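Computed from a predicted model, the values in this text were never measured in an experiment. Protein chains get the first letters and strands the later ones, always in sequence-line order, with residue 1 at the start of each.
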Amino acid sequence: MAKEIIAMLLAGGQGSRLYTLTQNLAKPAVPFGGKYRIIDFPLSNCVNSGIDTVGILTQYQPLVLNEYIGNGQPWDLDRLHGGVHVLPPYQQASGSDWYKGTANAIYQNISFIERYDPKYVIILSGDQICKQDYSDFLRFHKEKNAEFSVAVMEVPWNEASRFGLMVADGDDRITEFQEKPENPKSNLASMGIYIFNWDILKRYLEEDEADINSENDFGKNIIPNLLKDGRSMYAYHFRGYWKDVGTIPSLWEANMEVLDPEHSGINLFDDDWKIYSRNSGMTGHKIGPGGVVENSMITDGCRIDGTVKHSILFAGVRVEAGAEVEDAVVMGGTVIKSGAVVKHCIVAENVEIGEGAVVGAMPSGDDHGVATVGNGVFIGDGAKIGPSAMVRNNVKGGEEQW
Amino acid sequence: MVKTNADVVGILFPNSYDSLVPELVGERLMASIPFGGRYRMVDFVLSSMVNCGIDNVSLIVRNNYLSLMDHLGSGREWDLTRKNGGLNIIPPFAEKTVKPYNGRVEALASILGFLKDQKEKYVILADTNIAANFDFNALLDTHIRSGADVTIAYTRSEIPESAKTSRDQGRDLYYTLDIADDGRVTTMYMNSTQNGEQNFSMNYYVVDRERLIDMVNVAYVRGLPFFERDLIAPHLDKLKVYAHRYNGYVARISDLKSYFDENMKLLDDANLEALFDPSPIYTKIRDDNPTRYINGAKASNVLVADGCIIEGEVENSVLFRGVKIGKGAKVRNCVLMQDTVVEEGASIEYVISDKKVVVTAGKELKGTDSFPVYVAKRQRV
């Protein structure tokens, strides 16, 4: 039974710029927005766009991600034919190889794609927060009679040189591709989301694999080769919310934007475009008689007896009486003991912050970074964690780390 | 914690005690009454069974069971989508000569064929009017150790006033027990009006499956509809009936007031932990986003599920999924079920709102501590 379109989701990224948050975790599995993980966004987009077959390409720290995806049921992707499949690199008669690049990852799974005999393949990235209707993108691709389309975002001209840019004519046909150029000719940044006609993609993947000098990368190799051959290539303008959360500050910022959907445009309260996730199964959250919650998002299992302002708390976070949490992203199962102050920071899962400890807070007015506390770290009573600190190991009571 | 493959078939009676809460069962039954912010009554006994390894559970429904079927679906959330056993909802046969069952005996008689086909040695019968994180393995242990024919779980608690005064209990009888030192039940009282703590049956029973089939066969041909009244209570001299005391947390729904009170009790952390911490309680997933507190929101002493948007003030209340409280609205001492909307400037106190109720802007609605106001499903105030 042929599928019109299937999705291949690149989820192998190490996310090295998220440092301690991705020490034991692939980037797409990083928690986001109170009860989600980053990968919930592309997966939910697929289901909401009518794409029921998704291959997830993993290789870095895949354990959490594998368990999280499971049989795909939370996303309604447990299907008889199709559904979600996690695709790690595997051994073949001809030998085995890690995924050498984004293109090579797809190349190694050509046989997976062929099982569904698709007309189109959409390549997705597992490290972006974005609500996007891929069916509209596909409609565009078909209308333009394209062989390749890429979703692009208009970015401010002064930031354009940080991106891979598509130069396109009045009909959106791509004429040139510039990778992080000094003198940008366009402000249309590639979102790393592509639709290919499968026959074209397959041919170029095979040619690319045969080229021993290739880095096997879509941006560096495949797209330039398509351009060189004068293929029918179009740029699809996406105007919704899109954020690459590849760095600590951008991850923090995107979380904070969830608190202000009226301005940021990322509305998680959208019944027509639900983001699905694996549920914590905890009971409702509880705000005690002395608890204060302002401008925040709180989810199941939280127990709040302290003060929480402008923050996102994930499932099962405890904030004891007298503790203060502000401008913070606090991931699941973390306990913040009485008198502790937690500000302007990301605290990962199952952290314990001792009584009277201070994380990230600092005198106002200074331009500071986002303090980050890694998974399962224990921070002793009265310890101090500086505003830009990256905490990987336990910090004893009374000690300081900057 | 979790033992697998208990040698037990679970049988639930989702319509038991419907008559005590006529308001809440207008469009549902006891088992599907929302409770505790994101659950329904059936979740507690069903999750408890699953957590004790009982993965073959049948529900014999009588009427108004659409909401229950919608809630349970294929039983996946309770891990009861099994090839062997799993979840099994048994609707009444619609035939001219067969009326919906009254007592348990008639209900069980309608599934005798099913009971005969099962492989498990024991059957546990249970109602759904109690929210408890119950250890069915402990009950089973008591049953096996004492060599009883029937074992009844009970709590030490007072009989609710509403139960004593209600004259219209029809088939919804309740039972208290006299228990000898060795745990054997010596007398079983029906609809007692005694004051003070009693040995109050939870209506959780363990019976050997083949024994149960015999009992039901004999009773049915004699036209005896009630399991407790007709099969157990008169035969305590011959039958070995033992009691198993449950000391854990129990929320028993016996009328609208107790429904309100039992929800409110969960605002006490000790009660919340006692009910939910022993082992997980599963429920239907709705994929709501986290609850959002917008500038100007004030919340104190509240239990809140996901999917709510709170801009106003809320105090001493239980909010189910998807409740919206507008700017300047005040909510005190309320139980607001799924998707209730309290619009801007409205003020409500001691209100139980059923699903999808809207309290329009600026309106005031106040009940009292002893008499909470109930607003039925989909009503606009």
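- Annotation for A:E67: atom CD does not count as buried by contact number, only 12 or fewer foreign heavy atoms lying within 6.0 Å.
- Along residues 282-309 of chain A, the residues that come nearer than 4.5 angstrom to chain B, judged on non-hydrogen atoms, are A:M282, A:T283, A:G284, A:H285, A:K286, A:I287, A:G288, A:P289, A:G291, A:V293, A:E294, A:N295, A:S296, A:M297, A:I298, A:T299, A:D300, A:R303, A:D305 in order of number.
- Heavy atoms closer than 4.5 Å to chain B are found nowhere in A:I312, neither backbone nor side chain.
- For B:R76, the part lying near chain A is the side chain, with the backbone staying farther off; criterion is any non-hydrogen pair under 4.5 Å.
- Listed options A:P74, A:S277, A:P261, A:A315 were ranked by heavy-atom pairs under 4.5 angstrom with chain B; first place goes to A:P261.
- Counting non-hydrogen atoms of neighbouring residues, nucleotides and ligands closer than 6.0 angstrom, the NE2 atom of A:H263 reaches no more than 12 such neighbours.
- Listed by chain and number, the residues in a ring pair (Phe, Tyr, Trp, His ring centres under 6.0 Å) with B:F44 are B:F35, B:Y39, B:F276 (sequence neighbours excluded).
- Using a 4.5 Å cut-off between heavy atoms, A:K274 touches chain B through its side chain atoms alone.
- The candidate from B:V318, B:N289, B:L319 with the greatest count of non-hydrogen atom pairs under 4.5 Å with chain A is B:N289.
- The 12-atom threshold is exceeded at CZ of A:R79, counting heavy atoms of other residues, nucleotides or ligands nearer than 6.0 Å.
- By a heavy-atom distance cut of under 4.5 Å, not one residue of residues 338-348 of chain B is near chain A.
- Residue contact with chain A, scored on non-hydrogen atoms closer than 4.5 Å, involves the backbone and the side chain of B:D269 alike.
- Heavy-atom proximity under 4.5 angstrom to chain A picks out B:P290, B:T291, B:R292, B:Y293, B:I294, B:N295, B:A297, B:A299, B:S300, B:N301, B:V302, B:L303, B:V304, B:A305, B:D306, B:G307, B:C308, B:I309 from residues 290-310 of chain B.
- Contacts between A:Y36 and chain B at a heavy-atom distance below 4.5 Å involve the side chain alone, from C-beta outward.
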Next item on the list: Assess whether side chain to side chain contact (heavy atoms under 4.5 Å, CB included) is satisfied between A:F269 and B:D288, documenting all intermediate values.
Entry: CA-CA 8 Å; A:F269 282 73; B:D288 282 299; over 6 Å; no
